[in-house]
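The block underneath contains the structure these notes are about, expressed in structure tokens.
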Amino acid sequence: MMLISVIVTTYNREDALDAVLRSLARQTDRDFEVIVADDGSKAPTAALVEGWKARLGHTLAHVWHEDKGFRAAEIRNRAILASRGDYVVFLDGDCIARPDFVATHRRLAEAGCFVTGNRILLSPQLTAEVLRDKLEPERWSFADWIGQRVHGGINRLSALVRLPLGPLRRLRQRAWRGARSCNLAVWRSDLARVDGFDAAYSGWGKEDSDIIVRLLHAGVRRKDGVFATGVLHLWHAEADRSALSENERKLTSVVAGDAVVARSGLSKISDAAHAAASAG
């Protein structure tokens with residue numbers, strides 16, 4: 001079976017990352033590796049990852065760069081370069097995966113397509129309980145989730161429902177809106193084609209929309225992973241959005257044009273590494 005690379009983005013949130021790694025250790029699919037893409041966390045995150053290496057049951061790597069603000073696009077690119085899989089699944093470090101998450105992404109993988117998943121949002125109270133008491137929501141039954149919905153613990157149930165949508169998964173094959181990198185799967189060859197994420201987006205927002213738009217410009221089509229791949233998104237405080245208006249301006253330009261290749265993508269990191277090696 002082909003190797004899948006699961007890239008988990010994190011920043012100074014060890015309790016959530018611990019829950020996410022636990023959920024990946026319980027996957028029914030066994031042919032995948034995990035790369036933690038660390039956007040500048042402090043030492044406790046590295047210690048947590050190191051502690052999971054012997055327990056995860058899969059190859060686990062930690063890719064880190066210095067904390068210079070929100071640089072999710074760049075650290076994802078560094079993780080892509082460190083990965084070995086033909087197929088790459090992106091997952092945020094506060095999104096718990098259900099046991100069939102990787103297996104479902106493998107089943108939905110199709111040449112010429114990327115797969116966009118969805119999520120349910122846990123309330124601040126339920127998130128605190130899950131992390132404090134080491135609860136395992138990835139193992140809860142649908143009846144458990146109905147109870148949580150009734151009591152306001154989650155925002156919806158639909159992302160937990162599994163339906164065999166077949167050709168309906170391609171209804172939005174040219175749409176970029178609503179796709180998020182917290183649950184996204186892309187062929188490695190297609191990531192190379194668009195040169196990965198664009199690190200020209202600094203600060204929170206729109207770097208995930210940008211890569212979706214450029215994949216569409218490259219002729220790669222969207223396949224919906226809704227009603228199949230839903231993840232459990234732990235609550236977090238809203239990120240600093242001071243760069244959002246500038247990032248929206250950049251995205252508007254990309255949407256209006258036909259750009260395929262990132263302005264500051266995988267090749268920039270590779271070129272810098274090669275130059276440093278040559279100089280050394």
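Only this structure's heavy atoms are used, side chains among them; waters, hydrogens and symmetry mates stay out. Treat the numbers as computed from the prediction; the structure is a model and nothing was measured.
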Do [X] side-chain atoms and [Y] backbone N/O form a donor-acceptor pair below 3.5 Å?
X: Tyr11; Y: Gly93; value: no
X: Trp187; Y: Glu110; value: yes
X: Thr127; Y: Pro124; value: no
X: Arg98; Y: Leu160; value: yes
X: Gln27; Y: Ser23; value: yes
X: Arg106; Y: Asp31; value: yes
X: Asp133; Y: Val130; value: no
X: Glu138; Y: Pro99; value: no
X: Arg76; Y: Ser181; value: no
X: Asn183; Y: Thr229; value: yes

Legend entry - Least distance between heavy atoms, Ser5 atom then Ile35 atom: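 Nearest pair, atom of Ser5 first, then Ile35: CB-CD1, 4.1 Å.
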
Legend entry - Closest heavy-atom pair and its distance - Ala25, Trp52: CB-CZ3, 4.0 Å

Should [X] and [Y] count as side-chain neighbours, where that means a heavy-atom distance under 4.5 Å?
X: Val34; Y: Thr59; answer: no
X: Val194; Y: Val220; answer: no
X: Leu91; Y: Leu24; answer: yes
X: Asp210; Y: Lys250; answer: no
X: Met2; Y: Phe32; answer: no
X: Trp64; Y: Val36; answer: no
X: Val88; Y: Ile7; answer: yes
X: Phe90; Y: Phe197; answer: yes

Legend entry - Side-chain ion pair, Glu129 and Arg132, N-O less than 4.0 Å: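 Salt bridge flag = no for Arg132 with Glu129.
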
Legend entry - Sidechain N-carboxylate O distance under 4.0 Å for Lys134, Asp18: yes

Inset, instruction - Please indicate whether Arg177 has more than 12 foreign heavy atoms, meaning atoms of other residues, nucleotides or ligands, lying under 6.0 Å from its CZ. - result: no

Legend entry - Other residues, nucleotides, ligands: >12 heavy atoms within 6.0 Å of Glu136 CD: yes

Legend entry - Parallel, tilted or perpendicular, as decided by the 30° and 60° cut-offs, for the rings of Trp140 and Trp145: tilted

Legend entry - Distance (rounded to the nearest 0.5 Å) between Leu3 CG and Arg188 CZ: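 Leu3 CG to Arg188 CZ: 9.5 Å, rounded to 0.5 Å.
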
Legend entry - Donor-acceptor side-chain pairing of Asp94 and Trp235 below 3.5 angstrom: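 Distance-only check fails for Asp94 and Trp235.
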
Inset, instruction - Can you tell me which residue pairs pass the side chain to side chain donor-acceptor pair (under 3.5 Å) test with a partner in residues 35-47, sequence neighbours excluded? - result: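 Checked against side chain to side chain donor-acceptor pair (under 3.5 Å) - neighbours excluded - the pairs reaching residues 35-47 are Glu14-Thr45, Asp38-Ser41, Asp38-His62, Asp39-His65.
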
Legend entry - Of all pairs that satisfy salt bridge (Lys or Arg N to Asp or Glu O under 4.0 Å), the ones with a partner from residues 65-75, not counting sequence neighbours: Arg71-Glu74, Glu74-Arg78

Inset, instruction - With sequence neighbours excluded, give me every salt bridge (Lys or Arg N to Asp or Glu O under 4.0 Å) pair touching residues 264-280. - result: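 Output for this query is empty, none listed.
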
Show which side-chain atoms of residues 252-264 pair as donor or acceptor with protein atoms under 3.5 Å away, not counting sequence neighbours.
{"residue": "Thr252", "atom": "OG1", "partner": "Glu248", "partner atom": "O", "Å": "2.9"}
{"residue": "Arg263", "atom": "NE", "partner": "Asp198", "partner atom": "OD2", "Å": "2.9"}
{"residue": "Arg263", "atom": "NH2", "partner": "Asp198", "partner atom": "OD2", "Å": "3.2"}

Inset, instruction - Kindly write out the residues that satisfy side chain to side chain donor-acceptor pair (under 3.5 Å) with Ser267, not counting sequence neighbours, or none if the list is empty. - result: Asp195

Listed pairs under 3.5 Å, donor-acceptor, residues 111-122 side chains, sequence neighbours left out:
{"residue": "Thr116", "atom": "OG1", "partner": "Arg222", "partner atom": "NE", "Å": "3.0"}
{"residue": "Thr116", "atom": "OG1", "partner": "Asp224", "partner atom": "OD1", "Å": "3.2"}
{"residue": "Arg119", "atom": "NH1", "partner": "His233", "partner atom": "ND1", "Å": "2.8"}

